[in-house]
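Input: one structure, supplied below.
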Amino acid sequence: ASLLAQDTRSPYEQFKAKEAAAVADRGAKEVAYGKLQEQEKQLKQQIEWCGEQDSRWWPEKARLQGQLVNVQSALRMIEVETARFKQERQEKTDQLSRFTNPLTTFLETCPDRTCILGSVFQQPDLDREWKELVLSRIIRKSTTLEEVLRQKSQIFETYVDSEGRKAVRFTGETGDAGKQRLAARLPALQLTAAPAAPSIMPFPPGPVPTGAAQLQVPSQAVLALQPAAVL
């Protein structure tokens with residue numbers, strides 16, 4: 001029975017069968033995704049209607065909210081699978097994407113969506129993917145980051161920032177990594193500003209006494225009021 005169950009198709013036929021099954025599965029998931037989106041829309045409308053009613057509808061609203069959570073969870077699962085499939089397909093056609101995709105994600109988190117080139121390999125995931133490209137012989141050991149970015153000029157561009165450092169940003173954008181460094185130094189510059197001159201001790205309110213009862217002015221205030229000596 002085990003011999004009868006053995007797949008006698010050639011490796012090519014098995015590959016094509018798996019590919020056809022994967023296409024059919026993706027098609028079914030696309031249809032399911034559309035139906036789930038419509039169900040999500042209807043549930044939100046029903047929940048909103050129940051929220052406008054009196055307390056007798058609260059149990060129904062809670063039930064619908066539970067259904068909405070399940071529908072949204074199913075939508076996210078399909079979205080994750082779709083994103084993974086697209087990434088795998090892209091990596092087959094574009095081997096550099098395993099590095100440029102996380103670089104895109106990193107730049108999106110940087111201030112003004114730009115950073116100096118030296119900070120790229122300080123990111124563990126980017127450093128790991130770069131080493132994988134070298135080990136896989138997709139790039140040479142001598143390949144520079146600028147060379148790879150030039151191959152992706154439709155996405156990235158390198159430039160020299162206002163402090164003379166090489167940096168990267170998305171093509172067509174105007175972010176300047178040098179301005180980030182200047183902004184970071186401003187608080188320190190403010191802290192090192194010259195201290196304010198010492199304040200003069202004020203006289204107490206009321207009329208100034210005369211004669212023997214004349215007000216005793218503290219010596220610090222007298223010194224502060226005296227003009228500077230002429231050399």
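Computation of the quantities below employed the complete heavy-atom set of this structure, encompassing side-chain atoms and omitting hydrogens, waters and symmetry-equivalent molecules. Numbering starts at 1 and runs along the sequence shown.
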Original post:
Quick one: does F99's side chain get under 4.5 Å of V120's, heavy atoms only?
Top reply: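 The answer is yes; the side chains approach within 4.5 Å.
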**OP:** Of all the heavy-atom pairs spanning T174 and R169, show the shortest one and how long it is.
**Re:** C-NH1, 3.7 Å
Subject >> Pairs involving residues 35-47, ordered by first then second residue, that meet salt bridge (charged side-chain N to carboxylate O under 4.0 Å, His left out) (sequence neighbours left out) >> reply: E40-K44
Original post:
Same cluster for I138 and L103 if Ile/Leu/Val/Met/Phe/Trp/Tyr side chains link at under 4.5 Å?
Top reply: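 Same cluster.
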Original post:
In chain order, what residues pass the side-chain hydrogen bond (donor to acceptor under 3.5 Å, both in side chains) check against E173, with sequence neighbours excluded?
Top reply: R113
Original post:
Parallel, tilted or perpendicular: which fits the ring planes of W49 and W57, with parallel below 30° and perpendicular above 60°?
Top reply: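 Plane angle over 60°, so perpendicular.
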**OP:** Determine the minimum heavy-atom distance between T100 and S97, stating which atoms define it.
**Re:**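 Looking at all heavy atoms of both residues, the closest pair is OG1-CA, 3.1 Å.
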Original post:
Of all heavy-atom pairs between R165 and A177, which one has the smallest distance, and what is that distance?
Top reply: NH2-O, 3.4 Å
**OP:** Over all heavy atoms of both residues, which pair between T114 and G175 is shortest? Give the atoms and the distance, please.
**Re:** CG2-C, 3.8 Å
Original post:
So, do L149 and I155 sit near enough that their side-chain heavy atoms are less than 4.5 Å apart?
Top reply: no
Original post:
Is it the case that more than 12 heavy atoms not belonging to E48 sit under 6.0 Å from its CD atom?
Top reply: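 12 or below, so no.
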Subject >> Pairwise side-chain contact, L117 with E146, heavy-atom cut-off 4.5 Å (strictly under) >> reply: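 They are in side-chain contact.
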Original post:
Any salt bridge between D94 and K152, counting N to O under 4.0 Å?
Top reply: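 Yes.
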**OP:** For G51 and K61, work out which heavy atoms get closest and say how close.
**Re:** CA-NZ, 4.0 Å
**OP:** Decide whether I116 and Y159 are clustered together by the hydrophobic rule: side chain heavy atoms of Ile, Leu, Val, Met, Phe, Trp, Tyr closer than 4.5 Å, transitively.
**Re:** no
